[in-house]
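Side chains are part of it too, since the values below use all heavy atoms of this structure and drop only hydrogens, waters and symmetry mates.
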Amino acid sequence: MTKKTHLAAGVLATAGAISLCGVHPNPYIFGIIGSIVPDWDRYLGMKHRGVSHSFVFAVGLGIMISMINMSFGIAFMFNYCLHIALDSFTLMGVPVGKPFFNDYYGAKLIKSGGAEDIFLFLVLLLLISKLLIRI
């Protein structure tokens with residue numbers, strides 16, 4: 001998935017939690033950050049879709065942030081896991097069990113940046129706009 005698709009999914013998930021569950025909006029930015037952090041591996045000299053795209057890493061980071069602030073940690077971890085789930089639909093898949101397992105899993109149906117990715121982004125934008133109108 002492209003960064004814009006991950007950002008749109010993060011905005012929708014976090015705004016949805018704020019709207020539906022009455023969650024305070026302060027963790028909003030941490031949710032948005034969590035939706036794109038897995039791809040920072042490129043800038044940190046790590047292999048793309050390596051350990052940064054595993055649920056083990058996501059939970060570990062979420063726990064560390066939760067030790068500082070529980071709401072921020074939950075918003076961050078939820079959106080981080082959402083990023084991994086979305087990437088599992090791409091042709092490459094994701095190594096959900098890294099560093100313990102090296103296999104890449106997922107539906108492997110969507111080409112990043114392809115028509116399906118763009119369509120998903122547009123659907124997410126539509127849902128965000130509907131949610132914002134409701135708020």
- Message: Is it the case that the side chain of T14 and the backbone of V11 share a donor-acceptor pair, with hydrogens and angles ignored and the cut-off at 3.5 Å?
- Response: no
- Message: Has R49 got a side-chain atom pairing as donor or acceptor with G93's backbone, closer than 3.5 angstrom?
- Response: yes
Does the side chain of [X] come under 3.5 Å of the side chain of [Y] through a donor N or O and an acceptor N or O?
X: D117; Y: T5; result: yes
X: H53; Y: H83; result: yes
X: D41; Y: S52; result: yes

- Message: For the aromatic rings, using the six-membered ring if either is Trp, is the centroid distance between F72 and F30 under 6.0 Å?
- Response: yes
[X]-[Y] co-clustered via ILVMFWY side chain contacts under 4.5 Å:
X: L61; Y: W40; answer: yes
X: I68; Y: V59; answer: no
X: I33; Y: I128; answer: yes
X: L12; Y: I36; answer: yes
X: M64; Y: I84; answer: yes

Which heavy atom in [X] sits nearest to a heavy atom in [Y], and how many Å separate them?
X: S88; Y: V94; result: CB-CG2, 3.8 Å
X: Y80; Y: A58; result: CD2-CB, 3.2 Å
X: G10; Y: S35; result: CA-CB, 3.8 Å
X: A13; Y: L82; result: CB-CD2, 3.9 Å
X: P99; Y: V56; result: CD-CG1, 4.2 Å
X: S71; Y: N69; result: N-OD1, 3.1 Å

- Determine, step by step, whether M46 and V51 satisfy the side chain to side chain contact (heavy atoms under 4.5 Å, CB included) criterion, reporting the C-alpha distance in whole Å, the side-chain angles of both residues, the deciding distance to 0.1 Å, and the verdict. CA-CA 8 Å; M46 300 165 63; V51 71; 3.5 Å; yes
Point-to-point distance, once rounded to the nearest 0.5 Å, from [atom1] of [X] to [atom2] of [Y]:
X: L91; Y: Y104; atom1: CG; atom2: OH; result: 14.0 Å
X: I110; Y: I118; atom1: CD1; atom2: CD1; result: 11.5 Å
X: L126; Y: L131; atom1: CG; atom2: CG; result: 11.0 Å
X: F100; Y: S54; atom1: CZ; atom2: OG; result: 8.5 Å
X: F55; Y: K98; atom1: CZ; atom2: NZ; result: 15.0 Å
X: H48; Y: R42; atom1: NE2; atom2: CZ; result: 4.0 Å

- Task: Go through H6 and N79 one step at a time and tell me if the side-chain hydrogen bond (donor to acceptor under 3.5 Å, both in side chains) criterion holds.
- Result: CA-CA 9 Å; H6 286 300; N79 283 285; over 6 Å; no
- Please lay out, stage by stage, how F76 and V37 fare under the test side chain to side chain contact (heavy atoms under 4.5 Å, CB included). CA-CA 9 Å; F76 180 88; V37 162; 3.9 Å; yes
- Return yes when atom NZ of K47 has more than 12 non-hydrogen atoms of other residues, nucleotides or ligands closer than 6.0 Å, and no otherwise. yes
- Derivation and outcome, salt bridge (charged side-chain N to carboxylate O under 4.0 Å, His left out), residues K3 and D39: CA-CA 8 Å; K3 185 189 296 185; D39 285 339; over 6 Å; no
- Task: Apply side chain to side chain contact (heavy atoms under 4.5 Å, CB included) to M1 and T90, showing your working.
- Result: CA-CA 7 Å; M1 300 285 162; T90 63; 4.2 Å; yes
